[in-house]
Asks: 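I'd like to ask some things about the structure below.
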Amino acid sequence: MNMTELSKTYAPKEFEDRIYKNWCDKGYFTPDPKDGKPAFSVVIPPPNVTGQLHMGHALDETLQDILVRYKRMQGFSTLWVPGTDHAGIATQIKVEEQLRVNEGLTRYDLGREKFLERVWSWKEQYGGRIISQLKKLGASCDWTRERFIMDEGCSKAVREVFVNLYDKGLIYRGNRIINWCPHCITALSDAEVEYTEQNGNFWHIKYPIKGEDGYVEIATTRPETMFGDTAVAVNPEDENTKHLIGKTLILPIVGRELPVIADDYVEIGFGTGCVKITPAHDPNDFLVGQRHGLEQIRVMNDDATMNSYAGKYEGMDRYECRKALIADLEAEGYLIKTVPHAHNVGTCYRCHNTVEPLTSNQWFVKMEPLAKPALEVVYDGRVKFEPERFTKTYTNWMENVHDWCISRQLWWGHRIPAFYCDACGEMTVSKTDIDKCPKCGAPVRQENDVLDTWFSSALWPFSTMGWPEKTEELAKYYPTSVLVTGYDIIFFWVARMVFSGMEHMGKEPFSTVFIHGLVRDAQGRKMSKSLGNGIDPLEIIDQYGADALRFALATGNSPGNDMRFSDEKIEAARNFANKLWNASRFVRMNLTIDKITLPEEKDLALEDKWILKKLNDLVTTATKALDSYEVGVALSAIYDFIWDIFCDWYIELCKIRLSDKENGNNLVAQNVISYVLTVALKLLHPFMPFITEEIYQSLPHDDESIMISAYPAYDAKFDFAADAERMERLIAAIRAIRARRNEMNIVPSRKAKVYIATKYSDSFNENTAVFFSRLASASEVEIAEGFDSSVISADDAVQIVTDAASIFLPLSDIIDVEKEKEKLAVELKKTEGEIARLEGKLSNAGFVAKAPAAVVEGEKEKLAKYKEKLEGIKQAIAKLQ
RNA sequence: GGAGGCAUAGCUCAGUUGGUUAGAGUACUUGCUUGACAUGCAAGGGGUCGCAGAUUCGAGUUCUGCUGUCUCCACCA
């Protein structure tokens, strides 16, 4: 294998695109369903085809790519299906907006067909944008299987599902109360309505009683709906209003007669006890109306202007009408009072205009039979949520789900495959287009409405794999392994995929739902267009590189929780990449080998065994964390290893052998350091694919690419526990010396002689003196057997006592004996404190009896160490007398 | 009204089944142009783990209550 050079500075722009292109060219992202390997599959939550990559996508794709790359390296047949969604309302609005701005036209000016042509050409022009942005991130999607939700295959699946559900009686058409967005001019599902608190009023209005002088007081927040009142209801148990039942009221202004009906929907004691019933404009009133056979009078047009039922207010906007009506009611003495009242108002999740509940002829999916298996599959754990708490979010919703309004009065989307015959009135639902009525042969016209965008998204896990055809993709990769998405679309999408998968495939669409939170700005605010606080991931990539972005998103991100994105975070990520780059460059420039062969155990130095043990532990930690979706935990363990263990210690320890090519151990060091670096790179690869590949290519390597190399596995032969422990002691001693020197402001250039008394003198091999001279600025090192300071002859020395060694630095010219005494006295006190604490613990009968033996043993060892240290300190103090 | 999250160093956050002297990044202080890296190295200060109880030999971690904060669902006109 060729070993490339590494450029002097870390410049991700120079290699990220090149590497990505190479991966694509080599076909690494495309699995073979016939490869005989176990499957791991993921479908991307399809971004809006006309959208732009934002931080939410970046997080979602990063997490998926981490899992996908990890599993691929572990030898799974790994498929990540990419694609885009048509996003009905959002896209249509965008194109309409463009049409309005550029040509001053509405979609009606163009007509359905011409308008759809425009949307398609917009899709052709901008649809690739989001895809190329995903590629910038490094997403290892199988682009040969890229899908668009309105392509032929997905559309076929949509029709198949629609007809199947219709034939089973699970899709029906009916005049029901739905949520209507007067701005988007379409029906919405319950899930598409967002409630926001708004300041409004309760208007108390007199409804005169027919044939009597009195009146009934009615309070309403939406007076303009009174034109649609068809009754007033009271609770039959309410003593205060019982007498009204059966009487007739006169609707103010309009003069129409309203019966007073009894219905226990009215809550006793709330408000006036009398409720106006407007079946065509309120979901509860709709139900009351059904129970009592009341007429539905719809008083608004599709754009929320008043219709002829509003009499002289006809043509006014709903709010204009409200204002005028209140003024008139007041003028005519019907208005009793106006009470300010904050209440929740439904708004459209796309345009945020107030939604109007009204009756309309729409298509619905009957949910109860579908919800049942979708609940069971979660109850019994076939579908698991990660983190677990989102299970409840899901089941609560599914247990209380209402029928799903799936028709939208839009043009952009999957047109409902229902055909009406005006001649005989027959309606035909068909998988293929028909032009003649199967009953009478007359021409038919297709339903104008299209399907809710989530209707087709719900089929994504199998429609993208070719269903309803029996494809080898479906056989191999369905159900998918994990779905990665934000908690904000559990209802919209996750829930609907589950019942769709159960209904049409007979199997859950995925076994795990891995939920992440939102990416917020540095102040913790939601990123939004209106606030203008969005951070563009592409700018971040441009400035810092995709790896840094991925690192910043993956680190410190715990499942299901929101996270903040800040300059600090991305800089820290870039610094880490830079650190790794430079460390690798150091390794690279010290290499003369062109193949890595791990030396035999007998040839390994103490520090080699130490790092191999640490690396082995890291493999275990990272694997365990990734298997339980603890992406952030895995990454921080890798980060700590690379920066603190590998760079700060191992590289420093290796410099001795590496800098001296004549040293017999030079090759051992070369092999171990490049081996350790390679394994670390592999562990890091799922998180930072580009930099790890670039470095991998510069080192001796067996695989063509790091991304198809095998993920490291725990190996018992690297459990050099005893040696690692000894090395740990050595490091502790060096650290202690550095700390003392630092404290005394002794610059590194001022070398000092080091005497060490230790009972672990066997830990100090031939390299030890060099370690100390390099890392502890020692001029000369003398090691004595034992922990007894009396074996050291040095006077006027700084004395450092660790739990493994007594160390002396003779620096007679700068030593202040009194200060040294104080210093030792503090140490003495601290150590005595620890001993007291441990002795207390160990003399506690309960602890000794009930704690696990290993814990008790550990505490005993600790106590012994502290006691030894205490002796050392006492001797040191004595020496200063 | 119902459900859930969060509360740990100045700031942003980790802390996996209860078990060393509670960690990281960043900020701060001090010293270092040590031949990979100043996007760096070394050292230091800084925490009664929101409050009150309970369980336990042992609680940041489990349970109960409370406070603050955020979110979701439902919605009474």
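These numbers were taken from a predicted model, which means no experiment stands behind them. Quick note: numbers below take in every heavy atom, side chains included, and nothing from hydrogens, waters or symmetry partners.
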Asks: Map A:A851 and A:D285 onto RNA chain B by nearest heavy atom, then report which one ends up closer to the 5' terminus.
Replies: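 The residue mapped nearer the 5' terminus is A:A851.
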Asks: Side chain of A:N745 only, heavy atoms from C-beta on: which candidate in B:A77, B:A36, B:U30 is closest?
Replies: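 Taking heavy atoms from C-beta onward, the closest nucleotide is B:U30.
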Asks: Among B:G19, B:A36, B:A77, which is the nearest nucleotide to the side chain of A:T220?
Replies: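 So the nucleotide nearest the side chain must be B:A77.
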Asks: Remember a base hit wins even if backbone is also touched, and classify A:N844 as base, sugar-phosphate or nothing at under 4.0 Å, heavy atoms.
Replies: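 Sugar-phosphate contact only.
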Asks: Give one of base, sugar-phosphate or nothing for A:F491, where a contact means two heavy atoms less than 4.0 Å apart.
Replies: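 Sugar-phosphate, backbone atoms only, no base.
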Asks: Counting any heavy atom closer than 4.0 Å, what does A:T221 reach on the DNA or RNA strands: base, sugar-phosphate only, or nothing?
Replies: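 Sugar-phosphate, backbone atoms only, no base.
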Asks: Of the options B:C32, B:G19, B:G35, whose atoms approach the side-chain atoms of A:V855 most closely?
Replies: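 Looking only at side-chain atoms, A:V855 lies closest to B:G19.
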Asks: Take atom NZ of A:K526 as the centre, draw a 6.0 Å sphere, and report whether it contains more than 12 heavy atoms from other residues, nucleotides or ligands.
Replies: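 No, because the 6.0 Å sphere around NZ of A:K526 holds 12 heavy atoms or fewer from other groups.
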Asks: Give the nucleotide from the list B:U39, B:C37, B:A3 with an atom nearest to the side chain of A:E652.
Replies: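 It is B:C37.
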Asks: Using a cut-off of less than 4.0 Å, is there contact between a side-chain N or O of A:N344 and OP1 or OP2 of B:A74?
Replies: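 Checking B:A74 against A:N344, no side-chain N or O comes under 4.0 Å of OP1 or OP2.
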Asks: Could you tell me if A:N575 and A:E571 have a donor-acceptor pair between their side chains, going purely by distance under 3.5 Å?
Replies: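 A:N575 and A:E571 do not have a side-chain donor-acceptor pair below 3.5 Å.
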Asks: Among B:G40, B:G19, B:U34, which is the nearest nucleotide to the side chain of A:P748?
Replies: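 Nearest to the side-chain atoms of A:P748, counting from C-beta on, is B:U34.
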Asks: Write out a two-atom table: protein N or O, nucleotide N or O from nucleotides 7-16 of chain B, distance below 3.5 Å.
Replies:
residue	atom	partner	partner atom	Å
B:U12	O3'	A:R564	NE	3.2
B:C13	OP1	A:R564	NE	3.0
B:A14	OP1	A:S558	OG	2.8

Asks: Check the distance between B:A77's P and A:L251's CG and give it to me in whole angstrom.
Replies: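 My rounded result for the distance is 20 Å.
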Asks: Does A:I611 reach the side chain of A:W649, with side-chain heavy atoms less than 4.5 Å apart?
Replies: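 A:I611 does not reach A:W649 side chain to side chain.
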Asks: Using Watson-Crick or G-U wobble pairs with both distances under 3.5 Å, give me RNA chain B in dot-bracket, 5' to 3', with [ ] for crossers and | for pairs to another strand.
Replies: (((((((..((((.....[...)))).(((((.......))))).....(((((..]....))))))))))))....
Asks: Is any side-chain N of the basic residue among A:K823 and A:E743 closer than 4.0 Å to the acidic one's carboxylate O?
Replies: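 A:E743 and A:K823: salt-bridged.
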Asks: Please confirm whether the backbone N or O of A:T485 pairs with a side-chain atom of A:W493, one donor and one acceptor, at under 3.5 Å?
Replies: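 No, because the side chain of A:W493 does not come within donor-acceptor range (under 3.5 Å) of the backbone of A:T485.
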Asks: Nearest to the A:V266 side chain among B:C73, B:G25, B:A77, which nucleotide is it?
Replies: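 Nearest listed nucleotide: B:A77.
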Asks: Does A:K392 have a side-chain nitrogen or oxygen under 4.0 Å from the phosphate oxygens OP1 or OP2 of B:G4?
Replies: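 Result: yes.
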Asks: Has A:R520 got a side-chain atom pairing as donor or acceptor with A:M527's backbone, closer than 3.5 angstrom?
Replies: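 Side chain of A:R520 to backbone of A:M527, a donor-acceptor pair under 3.5 Å: no, none is there.
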Asks: Does any N or O in the side chain of A:R588 come within less than 3.5 Å of the main-chain N or O of A:N582, such that one atom is a donor and the other an acceptor?
Replies: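 Not a single qualifying donor-acceptor pair exists.
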Asks: Expressed as a whole number of Å, how far does the C1' atom of B:U56 sit from that of B:C63?
Replies: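 The answer is 12 Å between these two C1' atoms.
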Asks: By nearest nucleotide on RNA chain B, pick out whichever of A:V747 and A:M589 is the more 5' one.
Replies: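 The residue mapped nearer the 5' terminus is A:V747.
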Asks: On the 0 to 90° scale, with breaks at 30° and 60°, tag the A:Y394-A:F385 ring pair as parallel, tilted or perpendicular.
Replies: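 Tilted, since the angle between the ring planes falls between 30° and 60°.
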Asks: Heavy atoms from C-beta onward define the side chain here; which of B:A36, B:A77, B:G19 lies closest to that of A:Y265?
Replies: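 For the A:Y265 side chain, the nearest candidate turns out to be B:A77.
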Asks: If the cut-off is 4.0 Å, is A:K655 near the phosphate of B:A36, judged by side-chain N/O to OP1 or OP2?
Replies: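 Looking at the OP1 and OP2 atoms of B:A36, one of them is under 4.0 Å from a side-chain N or O of A:K655.
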Asks: Send over the distance from A:R574 CZ to B:U26 P, rounded to a whole Å.
Replies: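 After rounding, the gap between these two atoms is 11 Å.
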Asks: Tell me what A:Y639 touches on the nucleic acid: a base, only sugar-phosphate, or nothing, going by heavy atoms under 4.0 Å.
Replies: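 The residue A:Y639 makes sugar-phosphate contact but no base contact.
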Asks: Rounded to whole angstrom, note down the P distance from B:A59 over to B:G18.
Replies: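 Looking at atom P only, B:A59 and B:G18 are 13 Å apart.
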Asks: Do A:N561 and A:S558 meet the criterion of a side-chain donor-acceptor pair at a distance under 3.5 Å?
Replies: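 The answer is yes; a qualifying pair exists.
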Asks: Could you measure between the two P atoms, the one in B:A52 and the one in B:U67, and give it in whole Å?
Replies: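 The answer is 15 Å between these two P atoms.
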Asks: Cation over ring, A:K655 on A:F586, under 6.0 Å and within 45°?
Replies: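 Judged by the rule (NZ or CZ under 6.0 Å from the ring centre, within 45° of its axis), A:K655 counts as positioned above A:F586.
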Asks: Tell me: CD of A:E194 to C1' of B:A74, nearest whole Å?
Replies: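 One finds 15 Å between C1' of B:A74 and CD of A:E194, rounded.
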Asks: Do A:K841 and A:F847 meet the cation-pi criteria used here (NZ or CZ under 6.0 Å from the six-membered ring centre, within 45° of the axis)?
Replies: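 The answer is yes, since A:K841 meets both limits relative to A:F847.
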Asks: Of the nucleotides B:G5, B:A36, B:A77, which has the atom closest to the A:R389 side chain?
Replies: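 Shortest atom-to-atom distance from the side chain points to B:G5.
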Asks: Measure from the side chain of A:F270, starting at C-beta and using heavy atoms only, and say which of B:U39, B:A77, B:G35 lies closest.
Replies: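 Of all the options, the side chain of A:F270 is nearest to B:A77.
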Asks: Would you check if there is a donor-acceptor pair between the side chains of A:E5 and A:S698 at a distance under 3.5 Å?
Replies: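 The answer is no; no qualifying pair exists.
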Asks: Mark yes or no for whether A:D263, through its side chain, and A:Y265, through its backbone, hold a donor-acceptor pair below 3.5 Å.
Replies: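 Side chain of A:D263 to backbone of A:Y265: a pair is present.
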Asks: Could you write out each protein N or O paired with an N or O of nucleotides 41-48 of chain B at a distance under 3.5 Å?
Replies:
residue	atom	partner	partner atom	Å
B:C41	OP1	A:K579	NZ	2.9
B:C41	OP1	A:W643	NE1	2.5
B:C41	OP1	A:D648	OD1	3.4
B:A42	O2'	A:N742	ND2	3.0
B:A42	N3	A:N742	ND2	3.3
B:A43	O4'	A:N742	ND2	3.0

Asks: Contact class for A:A572 (heavy atom, under 4.0 Å): base, sugar-phosphate, or nothing?
Replies: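 It contacts sugar-phosphate atoms only.
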Asks: Hey, do the aromatic rings of A:F576 and A:Y639 have their centres closer than 6.0 Å?
Replies: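 Judged by ring-centre distance (under 6.0 Å), A:F576 and A:Y639 do meet the cut-off.
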Asks: Using whole Å, what does the distance between atom C1' of nucleotide B:C72 and atom CG of A:N396 come to?
Replies: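 Atom-to-atom, A:N396 to B:C72, this comes out as 10 Å.
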